[in-house]
Amino acid sequence: MDMKNVLSYEWGAMMPEFIILGTAILLSLFDLFAPRRFNRRPLAWFALIGIALAFVSLISLLPLAETSILADTFRLDSFAKASKLLLLIGAGLVIVLAASHSANDGLRDYQGEFYYLFLAALLGAMMMTSSGDLITLVVGLELLSISSYILAGMKKKNLKSNEAALKYIVMGGISTAITLFGMSYLYGLTGSTNLGEMSETMARVSDSQVLYLLGLAFFMVLVGLSFKLATAPFHMWAPDVYEGAPTPVTAFLSVISKIAGFVILLRLLLSLFLTASGDTLGTVTFLEQNRVFIAVLAGATMIIGNVLALRQQNVKRLLAYSGIAHAGYLLVAVATLGGGYFLLDTVWFYFLAYLLMNIGAFAVFQWLADANSSEQRLIFAGLAKRSPAAAVAMTIFLLSLAGIPGTAGFIGKFHIFLGALLGSTTTDYILASILLATTILSYVYYFSLLVQIFFRPASTKEAVRFPVSLMIVLLVCVVGTMIFGLAPNMALDFLHQHFGDFTDFISME
Amino acid sequence: MNDYLLPLLVFSPVIGMIMIWLMPKTEEKTLKQFGWIGTLMPLLISLFLYQQWLTDVSLSSYQIKWNWIQFGNLAMYDDTLYTVDFELSLDGFSLVFILLTTVLSMLAALASFYIKTEWKGYFLLFLLLEVGMLGVFMADNLLLFFLFFEVTFVSLFFLIGRWGYLNKEKAAYHFLVYNGIGSVLLLFVIATLFVRVGTTNIDALTHILNVGDVALLAPISPFLTDVLCILLFIAFAIKLPVFPFHSWMVRVHREAAPPVVMLHAGVLLKIGAYGMIRFGLGIFPEQVEKLALLFMIVGVISFLYGAFLALVQTDLKLVWAYSSVSHMGIVLFGFGTLNDAGLQGAVFQVVSHGAIAALLFFLIALLYERTGTTELNELGGLAAHMPIFSGVLLTAGLAALGLPGMSGFISEFMAFLGLFKEQMLLAIVAVIGLILTAAYTLRAVLKITFGKKTYSVTWWDVQGIEYVPIIILFTVIVAIGVYPMWLGQLVQEDITTWLLRIGG
């Protein structure tokens with residue numbers, strides 16, 4: 001690789017990443033040199049501006065055809081663009097959440113670090129969505145993970161936060177190790193780390209010995225990423241970490257980190273295991289052959305997530321288990337990927353819906369929890385009287401999370417459900433049934449929060465005042481949840497118009 | 001104008017909602033007036049539509065169809081595939097239910113004057129509920145139907161759980177879980193049909209599944225069709241509700257506020273009947289024919305079971321609640337007969353029970369407002385102090401037990417006529433239920449009106465605006481009883497079409 005070659009790359013394709021990186025560096029320098037007494041809170045707005053600029057540059061990149069630079073290690077294809085859009089929107093909302101944390105939540109002393117670590121994590125997530133090579137993939141993943149570990153332990157003097165960080169590091173380390181172990185097999189089998197080249201080699205595999213090793217690799221990668229996604233039975237860390245981490249970090253983990261995890265899973269599955277053949281005759285693809293394992297994971301995740309959520313009194317843990325359950329629904333979409341008509345748009349739409357409703361729910365929760373210094377369900381008691389607007393917003397988020405029609409959550413779930421039914425094998429029907437059964441279970445705990453909000457009396461009649469910035473987050477999330485629920489084609493048309501069927505993503509060459 | 005009348009009808013309660021939303025929540029009187037005024041607009045539109053029907057204007061000219069959702073990126077293959085449009089339509093059969101909805105909503109809004117707290121939230125939800133109910137009866141595709149169905153589901157959850165008697169939250173939870181299961185089953189059926197056929201439009205589904213000259217995306221095996229049909233009927237049986245699925249409804253009738261129960265008994269239970277008749281006969285005629293005997297048997301069981309339990313209740317609310325279970329049994333077996341008389345009977349029973357149940361629960365609201373109890377043992381000898389109330393209660397009771405000249409008689413007579421034609425033996429067993437009905441109604445009514453006086457206060461009698469619901473509902477009840485044709489003609493055409501489809 002000589003200099004001329006390097007300069008000839010279309011660096012423009014990495015513009016959003018560069019902007020985020022630049023902002024992170026600027027913020028860290030500022031934090032380093034600015035005097036101690038200087039208030040760090042406005043840094044949030046700088047971070048937000050950085051994210052907004054990155055978003056604008058990404059929009060300008062939308063018409064660009066599929067581009068790959070850095071010797072095919074960085075790819076800007078349709079799915080990368082589509083997921084980066086979501087990541088940036090989500091990150092923008094979360095940073096506003098973080099900016100409006102109240103004075104006594106323990107985040108105050110380290111907020112300077114918070115913002116640039118947050119941007120570093122976001123950068124990692126964005127790299128992951130664009131990686132065309134195992135190396136960049138792992139680098140992105142680790143950048144995201146390590147930043148997240150520190151973010152989880154941000155409240156240095158809080159025991160729970162310490163526990164969260166420690167648990168997260170140990171679990172994350174294990175999962176990375178397992179993933180890498182699986183990837184080492186993949187490298188050994190194909191002799192390359194480039195996903196495109198690996199895909200070509202995989203397509204020629206038909207030897208049963210090699211298939212056996214490929215199976216091992218598949219399981220290792222699946223299990224390793226399963227840790228990251230917090231899908232059952234590898235979900236144990238999630239509730240503790242979610243509970244211990246500062247609320248904006250929890251929102252970040254449950255939305256951005258999860259979306260990035262799914263994107264990487266999809267990329268590996270589609271680019272490597274979809275092309276490999278599943279048996280020695282090559283009649284089925286490897287993914288189709290082994291789809292049942294993903295299906296089992298999806299089923300277990302939905303059941304465990306929803307059942308355990310039923311018993312939670314701590315709302316943050318409840319939202320953590322609800323997040324696990326939603327990962328299960330998403331895995332249904334992954335497991336039934338072979339279905340046909342509904343493919344990545346299903347997953348993308350669900351990301352969008354999940355992002356809006358979950359961040360919205362966390363926004364309301366964050367403010368109430370800080371105001372009451374408690375995370376129990378009781379903090380929602382009488383919210384309808386104390387702040388009717390927030391009560392209505394929270395109702396919409398909860399209904400959407402529960403998948404009630406008229407909200408984006410319903411359309412997302414319905415879309416996944418259609419995909420599952422389209423498969424029309426027994427596995428698909430079982431998955432679809434579990435999806436429905438656990439949805440009813442989820443009604444019970446989501447509505448139990450609604451009961452607190454509307455039926456229970458508040459301990460004080462004093463009105464809750466939400467800061468303006470939080471109100472903006474709520475407004476964006478409410479409007480999005482409702483609009484994409486009532487007129488989902490506003491999102492779907494945008495998707496199809498700009499990204500087509502994600503053909504360039506699926507057939508990676 | 002034709003293009004906007006149906007959407008206007010569905011969403012007209014929203015105007016009331018906006019007015020209420022803009023009012024401060026302390027303005028009790030104005031809020032109640034607005035809540036009531038909000039129900040007038042849909043009433044007027046529905047009456048206009050009825051008048052149009054009377055003057056032979058075809059109701060189908062009001063049909064609308066707007067682009068709504070398209071799943072998947074299939075525009076290049078087939079534009080209509082996996083699309084769901086926003087489509088509303090109207091025929092005589094739906095018009096019956098819509099008139100029932102608008103009239104009862106108006107009356108229930110009047111009865112809501114007894115609501116004591118949080119009028120703002122109450123009326124907002126009340127009007128939202130009306131939007132849901134109207135939409136359900138006009139939706140032209142299954143997904144839209146489901147959307148409105150869930151609107152009623154969510155708003156009812158709050159209406160039951162917030163305003164009502166002691167165990168209202170528990171009742172709301174029962175409602176949530178049972179109806180949640182019901183709607184999820186319904187969703188399963190809808191999604192499966194959608195995936196296999198590529199559309200949820202009811203006419204298109206009917207055509208494709210029964211004529212079948214269109215190549216399906218994925219074939220539907222006869223087994224799967226049977227399963228779907230059974231799931232659909234379980235979903236609507238929970239809503240109706242019939243015998244093994246009725247416990248939630250009894251709780252709701254006992255714990256919810258009377259105006260809510262007026263609507264619940266009057267309209268919302270009927271969504272079950274509407275769905276069974278429209279989708280059952282529309283989409284699954286063959287399967288329904290196979291299952292007809294089962295419907296008749298379950299219907300009769302429900303009829304007898306409800307009547308038996310009504311006989312032993314000591315709370316007036318529970319007597320009427322079990323009486324509703326019993327009367328919904330009549331709807332089910334009337335439907336199961338699949339003949340002209342039986343189906344007519346089922347539809348008549350829907351309307352008749354709607355009016356009678358609404359009246360009975362309105363009377364309960366009056367009674368509770370004055371006495372603070374509905375226990376039969378604590379009441380007695382009311383006739384002496386409240387002659388008009390007692391008279392009305394007695395007459396309403398007589399209507400419920402099916403006295404000739406009132407709507408109950410016509411509907412039971414027709415349903416039994418149908419049942420005797422199909423299953424003589426079953427019908428003979430079912431007749432016992434009529435005796436039981438008379439027994440429990442008279443027992444409850446007589447105990448309250450005559451019986452021994454157990455209190456010393458004098459309560460005031462029916463007065464002022466309270467006459468409005470009583471008079472209107474009596475007019476409906478007697479009008480159907482005396483001249484049933486006005487209602488029969490509305491649905492006759494649809495019934496003929498359905499019967500042709502099942503070859504009967």
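Convention: sequence-line order gives letters A, B, ...; per-chain numbering from 1.
For B:V184, the parts sitting under 4.5 Å from any heavy atom of chain A are the backbone and the side chain alike. With a 4.5 angstrom heavy-atom cutoff, A:Y443 touches chain B via backbone and side-chain atoms both. Contacts between A:F349 and chain B at a heavy-atom distance below 4.5 Å are absent for every atom of the residue. For B:F86, no part lies near chain A; criterion is any non-hydrogen pair under 4.5 Å. Contacts of A:L441 with chain B are absent, with no heavy-atom separation under 4.5 Å from either backbone or side chain. Heavy atoms of B:F158 lying under 4.5 Å from chain A belong to its backbone as well as its side chain.
Ion pairing of B:E118 with B:R162 is present here, as a side-chain N (NZ or NE/NH1/NH2) and a carboxylate O approach within less than 4.0 Å.
Formation of a donor-acceptor pair under 3.5 Å by the B:N167 side chain with backbone atoms of B:K170 is not found in this model.
Here the two rings, on B:F175 and B:F157, have centers that are 6.0 Å apart or farther. Residues A:H415 and B:F71 bring their aromatic ring centres within 6.0 Å. If you look at B:Y274 and B:F137, their ring centroids are closer than 6.0 Å. A ring-centre distance under 6.0 Å is not found for B:F284 and B:F279.
Between chain B and the options A:A487, A:S448, A:G403, heavy-atom pairs under 4.5 Å are most frequent for A:S448. Heavy-atom pairs under 4.5 Å with chain B were tallied for A:V444, A:T439, A:L492; the largest tally goes to A:V444. Your options are B:T192, B:I181, B:L224, B:L176, and the one with the most heavy-atom pairs under 4.5 Å with chain A is B:L176.
In the displayed structure, B:L22 atom CG is contacted under 6.0 Å by more than 12 heavy atoms of other residues, nucleotides or ligands.
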